[in-house]
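Just so you know, these numbers use all the heavy atoms, side chains as well, and skip hydrogens, waters and symmetry mates.
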Amino acid sequence: MDPGEAAILESSLRSFYRLFAPLPPLPAASPGRMNVIDHVRDMAAAGLHSNVRLLSSLLLTMSNNNPELFSPSQKYQLLVYHADSLFHDKEYRNAVSKYTMALQQKKALSKTSKVRPSTGNSASTPQSQCLPSEIEVKYKMAECYTMLKQDKDAIAILDGIPSRQRTPKINMMLANLYKKAGQERPSVTSYKEVLRQCPLALDAILGLLSLSVKGAEVASMTMNVIQTVPNLDWLSVWIKAYAFVHTGDNSRAINTICSLEKKSLLRDNVDLLGSLADLYFRAGDNKNSVLKFEQAQMLDPYLIKGMDVYGYLLAREGRLEDVENLGCRLFNISDQHAEPWVVSGCHSFYSKRYSRALYLGAKAIQLNSNSVQALLLKGAALRNMGRVQEAIIHFREAIRLAPCRLDCYEGKMKKMNDVNLLSAVFITLIPFYCMPVSQEPRSTVKYRKMRIFFFSGREQKYEDGIALLRNALANQSDCVLHRILGDFLVAVNEYQEAMDQYSIALSLDPNDQKSLEGMQKMEKEESPTDATQEEDVDDMEGSGEEGDLEGSDSEAAQWADQEQWFGMQ
């Protein structure tokens with residue numbers, strides 16, 4: 001064999017041995033090299049959720065079959081990314097289970113202390129730099145629980161986060177959950193914490209106002225940002241307007257919002273127009289309410305908020321073709337909101353198709369359990385189908401959510417002839433007739449709002465109350481209702497008929513002390529009007545807490561004193 005052939009043969013043998021020789025182990029991950037977890041993380045960041053779900057599922061199975069395949073921190077990351085993909089697919093129960101497993105893995109990881117989040121060391125591994133936040137995992141779990149309507153579990157998971165570690169969105173979710181659960185004090189605390197971190201969080205401001213925090217106090221929390229950020233001089237007036245909204249002072253709320261809406265920079269704002277429309281509706285001015293709703297939807301053809309009330313008003317006017325068109329347009333925008341279903345339900349109800357209206361109302365409630373209009377629609381459908389007791393449940397829930405809306409009470413009264421039921425309705429409507437002021441539950445903010453609504457000199461809702469009471473008493477007498485009617489009649493200067501109502505009440509129950517007191521005051525006082533006004537003032541200011549009400553005279557004085565401070569002149 002010549003030297004050339006020998007060289008070729010030697011080269012071929014070397015290539016053969018290199019081809020079939022055992023491969024050396026892969027080097028450990030380094031800052032310049034991506035591992036499979038990094039690829040999963042990058043796909044999650046890119047929004048490739050379906051891809052993340054498939055790959056992470058396969059990798060988790062591999063990890064279960066070989067626990068040594070991935071490090072504890074890598075297993076934690078895989079579980080979180082897989083749970084995130086499930087959350088995106090709206091598989092909330094499955095997501096909760098995977099988030100729970102991730103937290104358990106993180107707990108074990110913390111105990112071993114083998115891998116900790118990066119502290120800025122450039123030599124840290126990529127996975128140690130990119131561990132998902134445990135706080136964020138808990139927040140996502142709470143989101144899953146709220147979607148599953150398990151609010152108690154959502155509160156529990158967020159409550160477990162130390163206060164100093166709560167982000168603004170965690171405090172906002174907690175505030176809303178506490179409010180929904182009727183826990184007013186922690187709700188106020190959480191809303192205030194949101195404002196401390198984000199002083200322009202307007203929804204948090206509305207949350208505080210809805211819980212009877214004084215408007216001036218809320219405005220003071222935004223004073224620094226108003227003074228330092230240009231073109232925010234309107235914010236104090238905005239807070240003032242919605243303080244009036246949440247005390248049921250519709251006339252002053254309308255005037256204040258109109259003053260805002262007329263300013264050039266806020267002219268034709270859809271949210272302000274929607275608020276005006278709703279306020280006119282609450283005040284019984286349906287014509288102006290429809291007008292403002294129409295202006296708002298002309299500015300924003302994709303507007304959904306408030307369209308359920310707009311559809312109801314159109315249906316009451318007999319404009320069923322317009323209601324049908326509105327419902328179709330809203331469904332084309334979104335079928336995941338309650339409003340389209342309510343509007344279509346109103347069309348069915350006023351077309352006397354009560355079974356279909358019932359179904360549509362139930363669907364709306366399923367989408368938004370706090371939709372007052374959906375509750376009223378379903379209650380009215382049940383009532384007209386003769387299912388009175390079921391209707392009452394829905395009307396009561398509507399009253400709980402919107403104690404200042406008279407139409408909630410009208411639904412309860414219409415076509416219900418049982419006098420015990422009617423008494424219960426008015427006990428709910430005007431609780432201070434049924435207990436001394438000193439015994440009123442301190443946490444019943446909505447009861448206090450009802451006081452302002454029915455007995456504020458600005459609202460003058462006595463005539464509506466009288467009409468409801470006459471309707472209730474048309475079939476059968478009841479002591480409580482006759483006495484309340486007497487009080488209302490005094491308020492509108494119908495003294496003789498008021499005396500007659502007190503007399504009827506006493507004939508039905510000679511021990512009814514309040515009817516006796518009402519009659520005695522009318523006999524003793526030269527000016528029954530003054531006596532009634534004095535009684536109303538005593539009723540509203542009888543407890544220390546009542547003096548803290550927004551919209552009261554003391555509150556109005558505070559606003560007047562501080563208008564210059566807040567730049568409201």
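Heavy-atom contacts from other residues, nucleotides or ligands closer than 6.0 Å to NZ of Lys352 number 12 or fewer. Summarising the local packing, CG of Leu265 is surrounded by 12 or fewer heavy atoms from other residues, nucleotides or ligands at distances under 6.0 Å. Remark: Met385 CE is packed, more than 12 non-hydrogen atoms of other residues, nucleotides or ligands lying under 6.0 Å away.
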I'd like to know whether Asn171 forms a side-chain contact (heavy atoms from CB on, under 4.5 Å) with Arg196, so could you lay out the CA-CA distance, the side-chain angles of the two residues, the decisive distance to 0.1 Å, and finally the verdict.
CA-CA 11 Å; Asn171 279 311; Arg196 187 187 68 80; over 6 Å; no
Using the rule given for side-chain contact (heavy atoms from CB on, under 4.5 Å), can you reason through Leu200 versus Thr222, listing the C-alpha separation, both sets of side-chain angles and the distance that settles it, and then say yes or no?
CA-CA 7 Å; Leu200 291 180; Thr222 66; 5.7 Å; no
Do Lys98 and Asn94 pass the side chain to side chain donor-acceptor pair (under 3.5 Å) test, and can you show the C-alpha distance, the side-chain angles, and the key distance before you say yes or no?
CA-CA 6 Å; Lys98 298 303 186 293; Asn94 198 356; 2.8 Å; yes
Show your working on side chain to side chain donor-acceptor pair (under 3.5 Å) between Tyr178 and Asp159 and close with a plain yes or no.
CA-CA 11 Å; Tyr178 282 136; Asp159 257 341; 2.5 Å; yes
Checking side-chain contact (heavy atoms from CB on, under 4.5 Å) for the pair Leu206/His246: CA distance, chi angles, key distance, verdict?
CA-CA 8 Å; Leu206 294 178; His246 286 285; 4.2 Å; yes
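Side-chain contact between Met172 and Asp203 is present, with at least one heavy-atom pair separated by less than 4.5 Å. Using a 4.5 Å heavy-atom cutoff, the side chains of Phe70 and Val36 are in contact. A 4.5 Å side-chain heavy-atom check between Asn35 and Gln74 finds at least one atom pair inside the cut-off. Looking only at side-chain heavy atoms (C-beta outward), Tyr350 and Tyr312 come within less than 4.5 Å of each other.
Sorted by first and then second residue, the side chain to side chain donor-acceptor pair (under 3.5 Å) pairs involving residues 328-342 (not counting sequence neighbours) are Gln297-Arg329, Ser334-His337.
Using a 4.0 Å cut-off between charged side-chain N and carboxylate O, Glu143 and Lys140 make no salt bridge.
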Acceptor/donor pairs from residues 369-378 side chains to any protein atom, 3.5 angstrom cut, sequence neighbours excluded:
unit_1	atom_1	unit_2	atom_2	d
Ser371	OG	Ala374	N	3.2
Gln373	OE1	Arg405	NH2	2.7
Lys378	NZ	His394	NE2	3.3

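No hydrogens or angles considered: a donor-acceptor pair under 3.5 Å links the side chains of Ser275 and Tyr242. Between the side chains of Arg166 and Gln197, not a single donor N or O lies within less than 3.5 Å of an accepting N or O. When only modelled atom types and interatomic distance are considered, Lys292 and Asn288 share no side-chain donor-acceptor pair under 3.5 Å. No side-chain donor from either of Tyr280 and Asn250 sits under 3.5 Å from a side-chain acceptor of the other.
Atom CE in Met173 sits 10.0 Å away from atom CG in Asp151 (nearest 0.5 Å). Atom-to-atom distance recorded for Asp271:CG and Leu276:CG is 11.5 Å, nearest 0.5 angstrom. Taking CG of Leu314 as the start and CZ of Arg319 as the end, the distance is 4.5 Å to the nearest 0.5 Å.
The aromatic rings of Tyr310 and Phe293 are tilted relative to each other, their planes meeting at an angle between 30° and 60°.
Only one option out of Val137, Ile135, Leu131 pairs with Ser133 in a side chain to side chain contact (heavy atoms under 4.5 Å, CB included); it is Ile135.
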